[in-house]
Amino acid sequence: MPFEPLDQYLQRKKKLAEVKALGDDPYPHKFEQTSTPAQIVAAHGQSDAATLESQRVNVHTAGRLLTLRLHGRAGFAHIRGDGARLQIYVKFDAVGERAFHLFQLLDLGDIVGISGHLFRTKTNELTVWVDALKLLSKALLPLPEKWHGLADVELRHRQRYLDLIVNSRVRQTFLRRAEILRGLRAFFDARGYVEVETPMMQTIAGGATARPFITRHNTFDLDLYLRIAPELYLKRLLVGGFDRVYEINRNFRNEGVSSEHNPEFTMLEFYQAYSDYRDLMTLTEELFASLAQRICGSAQITFGDVRLDFSCWQRLSMREAITQHWPVQAGPAPDTAHLAALGGPRAVATRYNQWLQNEAVRSSAASRGPLLEVSSMSDGEITGLLFETLAEHKLIQPTLLYDFPTDISPLAKCRPDDRSLVERFEVFVAGMELGNAFSELNDPEEQERRFRQQVARGGEEVPREVDLDYIRALSHGMPPAAGMGIGIDRLTMLFTDSHSIREVILFPLLRPQPDANQ
RNA sequence: AGGGGCGUAGCUCAGUGGCAGAGCAGCGGCCUUUUAAGCCGUUGGUCGUGGGUUCGACCCCCACCGCCCCUACCA
């Protein structure tokens with residue numbers, strides 16, 4: 001079917017017919033490439049004209065035509081393959097009438113195969129002196145503008161293929177994402193972890209609190225949820241005797257989109273038997289430092305206008321974070337003992353709300369933020385909310401935040417000395433939550449009790465029923481273990497200096513356009 | 001979901017209450033070492049969509065659609 005711009009589409013169809021009339025197949029099956037443009041540039045980018053002349057390096061290579069400068073009976077062009085640009089020179093005398101005619105029929109965006117030898121032009125650019133030319137694929141649609149490229153963010157995401165052709169930074173970002181995944185696998189493989197895959201379609205969406213997507217299996221006549229976390233299955237594997245497992249794959253959460261959220265996102269989850277969350281704190285610091293080293297060549301990386309140092313971590317309890325980031329204008333900061341006391345968090349939240357209201361009265365302008373709605377919340381939930389409101393986005397340098405309230409951590413083991421807290425920490429960098437880890441609760445009776453509490457409280461983010469098979473698995477005995485989840489998309493944002501999650505997901509979810517098929 | 005911003009040629013962008021613009025891409029020429037090639041000529045528009053105000057709307061007003069940013073939910 002013809003696409004816009006129609007005039008150019010039809011023009012290119014006409015050229016395609018002329019190519020066929022020359023006896024050429026515009027879509028041949030293969031082309032023997034001896035080296036890619038990237039390999040040629042890498043191997044000969046430094047060779048001078050005399051060296052190239054004496055060596056006479058012959059190449060067969062291919063790529064997409066990006067620029068074209070015709071000078072009558074000769075012409076220059078750039079092709080790009082494997083991420084690198086290579087100039088080619090096509091001369092009537094060198095290729096003959098028929099091939100030169102084919103050359104004149106080419107459009108920007110066509111994919112061509114060429115053979116010839118390397119030389120340097122007057123301006124000293126490495127160039128292929130073409131002696132044979134073949135069209136490998138006709139492009140019926142034009143490329144975006146060669147100088148400014150494709151800037152419209154929406155178009156870049158909807159037509160990522162164009163973005164990748166035209167914007168080399170985008171290619172670099174996704175190559176780096178792949179390198180991060182390789183680095184993660186290398187890290188865990190080297191430590192004796194087994195990579196596994198667990199169900200993404202589940203009958204009970206557990207392992208996190210989030211609204212799930214629902215889908216349907218026809219033959220079983222069964223509603224299924226797309227998983228919100230692999231956690232409960234990975235821990236079944238701990239029961240089964242895989243003492244170290246990891247999984248890297250998609251989770252699906254039916255929530256809004258933002259620069260830090262996409263409904264499907266990639267998580268790494270790993271579990272390590274006979275360990276607790278302290279071991280994972282150490283492991284986390286090693287992991288981030290080794291990734292930074294592997295990806296950026298240093299433990300320090302640049303993100304926006306800040307320098308992040310992964311060789312130097314801050315460890316902070318949730319209560320300390322609230323105390324430290326309490327707004328000075330709102331009066332004296334609450335101390336951690338106050339936050340730990342029964343009813344303390346509620347009193348602190350009330351004081352915060354009163355300050356907000358006074359502030360709103362004083363300056364008729366917009367208030368500093370919405371009031372905290374804490375009436376139906378427990379102390380632990382309020383503590384979590386206070387942290388998110390006051391401190392989360394201020395944790396820029398790598399931080400391990402620990403001492404989470406038990407009420408917001410149904411899968412974590414309590415601290416032996418304080419049952420209102422669990423052995424859990426989260427990783428914050430650049431104001432983003434990147435990871436979540438804890439000592440895994442393996443007492444089946446306590447786990448069942450906590451699940452039942454959750455279900456009783458209800459809400460769309462909580463499963464409607466208890467995952468009894470998981471409780472049964474725990475009842476067979478799960479070794480003491482620690483586990484962690486790391487958001488790969490956000491991790492990639494950090495290491496590619498990207499400030500929207502949509503820049504690190506090849507095809508982020510966008511609302512379909514009504515005329516998308518026209 | 002709420003607030004703010006944006007939407008003009010295939011792409012990148014100007015523009016004004018009074019004939020719709022440029023560069024690139026395209027098309028026709030000239031050109032056998034150019035590189036944002038150049039020179040001459042030229043095609044291309046439902047100005048996001050639908051209403052309204054006006055003698056007249058791309059411009060002002062309203063609604064809707066899409067994207068971006070902030071806030072909320074969330075990782």
Asks: Please report the distance separating the P of rC11(B) from the corresponding atom of rG51(B), rounded so that it comes out in whole Å.
Replies: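 It works out to 25 Å between them.
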
Asks: Table please: side-chain donor-acceptor pairs of residues 94-104 of chain A below 3.5 Å, with sequence neighbours left out.
Replies:
from: R98(A); atom 1: NH1; to: L22(A); atom 2: O; distance (Å): 2.4
from: R98(A); atom 1: NH1; to: D24(A); atom 2: OD1; distance (Å): 3.2
from: R98(A); atom 1: NH2; to: D24(A); atom 2: OD1; distance (Å): 2.7

Asks: Considering residues at least two apart in sequence or located in another chain, which fulfil the side chain to side chain donor-acceptor pair (under 3.5 Å) criterion with K138(A)?
Replies: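 Residues passing side chain to side chain donor-acceptor pair (under 3.5 Å) with K138(A): D107(A), D110(A).
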
Asks: Extract the stems that RNA chain B is part of, considering only consecutive pairing runs of at least three Watson-Crick or G-U wobble pairs, both distances under 3.5 Å.
Replies: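 Stem list for RNA chain B: B:1-7 with B:65-71, B:10-13 with B:21-24, B:26-30 with B:38-42, B:48-52 with B:60-64.
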
Asks: Mind checking the P distance from rG10(B) to rC27(B)? Whole angstroms is fine.
Replies: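 Per the computed distance, 16 Å lies between those P atoms.
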
Asks: Are E423(A) and K413(A) ion-paired here, with the side-chain N under 4.0 Å from a carboxylate O?
Replies: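 Here E423(A) does not pair with K413(A) in a salt bridge, since their nearest N and O are not under 4.0 Å apart.
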
Asks: For the C1' atoms, the ones on rC47(B) and on rA14(B), what distance do you get once it is rounded to whole angstrom?
Replies: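 It comes out at 13 Å once rounded to the nearest Å.
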
Asks: Check the interface with nucleotides 20-27 of chain B: list each N/O to N/O pair with the protein under 3.5 Å, or write none.
Replies:
from: rC24(B); atom 1: O2'; to: E145(A); atom 2: OE2; distance (Å): 3.3
from: rA25(B); atom 1: OP1; to: K146(A); atom 2: NZ; distance (Å): 3.1
from: rA25(B); atom 1: N3; to: Q8(A); atom 2: NE2; distance (Å): 3.2
from: rC27(B); atom 1: OP1; to: K15(A); atom 2: NZ; distance (Å): 2.5

Asks: By nearest nucleotide on RNA chain B, pick out whichever of R502(A) and E392(A) is the more 5' one.
Replies: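 Here R502(A) is the residue nearer the 5' end.
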
Asks: I want to check one thing: is the phosphate of rA72(B), taken as OP1 and OP2, less than 4.0 Å away from some side-chain N or O of S258(A)?
Replies: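 False: S258(A) side-chain N/O out of range (4.0 Å or more) of rA72(B) OP1/OP2.
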
Asks: Take atom C1' in rA25(B) and the same atom in rC61(B), then report the distance between them in whole Å.
Replies: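 It comes out at 38 Å once rounded to the nearest Å.
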
Asks: For the residue pair F387(A) and F428(A), is the inter-centroid distance of their aromatic rings smaller than 6.0 Å?
Replies: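 Yes, close enough.
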
Asks: Nearest-Å distance, CG (D163(A)) to C1' (rC11(B))?
Replies: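 To the nearest whole Å, that distance equals 13 Å.
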
Asks: What distance, rounded to whole Å, do you find between the two P atoms, one in rG15(B) and one in rA22(B)?
Replies: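 After rounding to an integer number of Å, I get 15 Å for this pair.
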
Asks: Report yes if at least one side-chain N or O of R511(A) is closer than 4.0 Å to OP1 or OP2 of rC67(B); otherwise report no.
Replies: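 Checking R511(A) against rC67(B): at least one side-chain N or O falls below 4.0 Å of OP1 or OP2.
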
Asks: With H393(A), which residues qualify under side chain to side chain donor-acceptor pair (under 3.5 Å), at least two apart?
Replies: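 Listed in chain order: nothing, the list is empty.
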
Asks: Using the C1' atoms only, state how far rG21(B) lies from rU16(B), rounded to an integer number of Å.
Replies: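 So the two C1' atoms sit 11 Å from each other.
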
Asks: In whole angstrom, what separates E503(A)'s CD from rC69(B)'s P?
Replies: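 To the nearest whole Å, that distance equals 9 Å.
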
Asks: With sequence neighbours excluded, what pairs up with F495(A) under the ring pair (Phe, Tyr, Trp, His ring centres under 6.0 Å) test?
Replies: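 Only F310(A) meet the ring pair (Phe, Tyr, Trp, His ring centres under 6.0 Å) criterion with F495(A).
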
Asks: Nearest-nucleotide wise, let me know which of L150(A) and Q87(A) is further upstream toward the 5' end of RNA chain B.
Replies: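 Result: L150(A).
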
Asks: With H117(A) as reference, evaluate R56(A), E53(A), Q55(A) under the side-chain hydrogen bond (donor to acceptor under 3.5 Å, both in side chains) test and give the passing residue.
Replies: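 It is R56(A), the one option of R56(A), E53(A), Q55(A) that forms the side-chain hydrogen bond (donor to acceptor under 3.5 Å, both in side chains) with H117(A).
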
Asks: Anything under 3.5 Å between a protein N or O and an N or O of nucleotides 29-33 of chain B, put it in a table, one pair a line.
Replies:
from: rC31(B); atom 1: N3; to: G72(A); atom 2: N; distance (Å): 3.2
from: rC31(B); atom 1: N4; to: G72(A); atom 2: N; distance (Å): 3.4
from: rU32(B); atom 1: N3; to: D93(A); atom 2: OD2; distance (Å): 2.9
from: rU32(B); atom 1: O4; to: D93(A); atom 2: OD1; distance (Å): 2.6
from: rU32(B); atom 1: O4; to: D93(A); atom 2: OD2; distance (Å): 3.1
from: rU33(B); atom 1: O2'; to: K122(A); atom 2: NZ; distance (Å): 3.0
from: rU33(B); atom 1: O2; to: K122(A); atom 2: N; distance (Å): 2.7

Asks: Answer yes when E426(A) and R424(A) have at least one side-chain N-carboxylate O distance shorter than 4.0 Å, and no when they do not.
Replies: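 Looking at E426(A) and R424(A), the cut-off is met.
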
Asks: I'd like to check the ring pair (Phe, Tyr, Trp, His ring centres under 6.0 Å) partners of Y277(A); sequence neighbours left out, ordered by chain and number.
Replies: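 Here no residue qualifies.
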
Asks: Determine whether the side chains of R227(A) and T198(A) contain a donor N or O and an acceptor N or O closer than 3.5 Å.
Replies: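 Present: a donor and an acceptor within the cut-off.
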
Asks: Please give, in whole Å, the distance from rA9(B) P to L6(A) CG?
Replies: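 My rounded result for the distance is 16 Å.
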
Asks: Considering only atom C1', compute the distance from rG50(B) to rG66(B) and round it to an integer number of Å.
Replies: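 Per the computed distance, 15 Å lies between those C1' atoms.
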
Asks: Quick one: which protein N/O atoms are closer than 3.5 Å to N/O atoms of nucleotides 5-7 of chain B? Pair and distance per line, please.
Replies:
none

Asks: Tell me if the aromatic rings of F188(A) and F270(A) count as close, with their centers under 6.0 Å from one another.
Replies: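 F188(A) vs F270(A): aromatic centres under 6.0 Å.
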
Asks: Indicate, with a heavy-atom threshold strictly under 4.0 Å, whether A210(A) touches base, sugar-phosphate, or nothing.
Replies: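 The residue A210(A) makes no contact with any strand.
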
Asks: Give one of base, sugar-phosphate or nothing for N262(A), where a contact means two heavy atoms less than 4.0 Å apart.
Replies: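 Contact class for N262(A): base.
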
Asks: Tell me what E426(A) touches on the nucleic acid: a base, only sugar-phosphate, or nothing, going by heavy atoms under 4.0 Å.
Replies: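 It contacts nothing in the nucleic acid.
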
Asks: Just call it for G149(A): base, sugar-phosphate, or nothing, with non-hydrogen atoms closer than 4.0 Å on any strand.
Replies: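 Sugar-phosphate: the residue G149(A), judged by heavy atoms under 4.0 Å, touches backbone atoms but no base.
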
Asks: Please list, chain by chain and in numerical order, all residues satisfying side chain to side chain donor-acceptor pair (under 3.5 Å) with E125(A), sequence neighbours excluded.
Replies: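 Here the qualifying residues are H78(A).
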
Asks: Would you mind reading off the distance between R211(A) atom CZ and rA75(B) atom P, rounded to a whole angstrom?
Replies: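 After rounding, the reported distance stands at 13 Å.
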
Asks: Among all residues two or more places apart in sequence or in another chain, which pass the side chain to side chain donor-acceptor pair (under 3.5 Å) test with Q272(A)?
Replies: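 Testing Q272(A) for side chain to side chain donor-acceptor pair (under 3.5 Å), a comparison that skips the adjacent residues, returns Y193(A), S275(A).
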
Asks: Less than 3.5 Å apart, any donor N or O on the side chain of R502(A) or H157(A) sitting next to an acceptor on the other?
Replies: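 The answer is no; no qualifying pair exists.
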
Asks: If we take the P atom in both rG17(B) and rC60(B), what is their distance in whole Å?
Replies: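 Going atom to atom, P in each nucleotide, I get 9 Å.
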
Asks: Would you mind calling rC19(B) syn or anti? Take O4'-C1'-N9-C4 for purines or O4'-C1'-N1-C2 for pyrimidines, and syn is within 90° of 0.
Replies: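 rC19(B): syn.
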
Asks: Looking at every strand, decide which applies to R490(A) at a 4.0 Å heavy-atom threshold: base, sugar-phosphate, or nothing.
Replies: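 The answer is base, as R490(A) lies within the cut-off (heavy atoms under 4.0 Å) of a base atom.
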
Asks: Considering only residues two or more places apart or on different chains, which pairs with a residue in residues 376-397 of chain A satisfy salt bridge (charged side-chain N to carboxylate O under 4.0 Å, His left out)?
Replies: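 Qualifying pairs, neighbours excluded: E381(A)-R457(A).
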
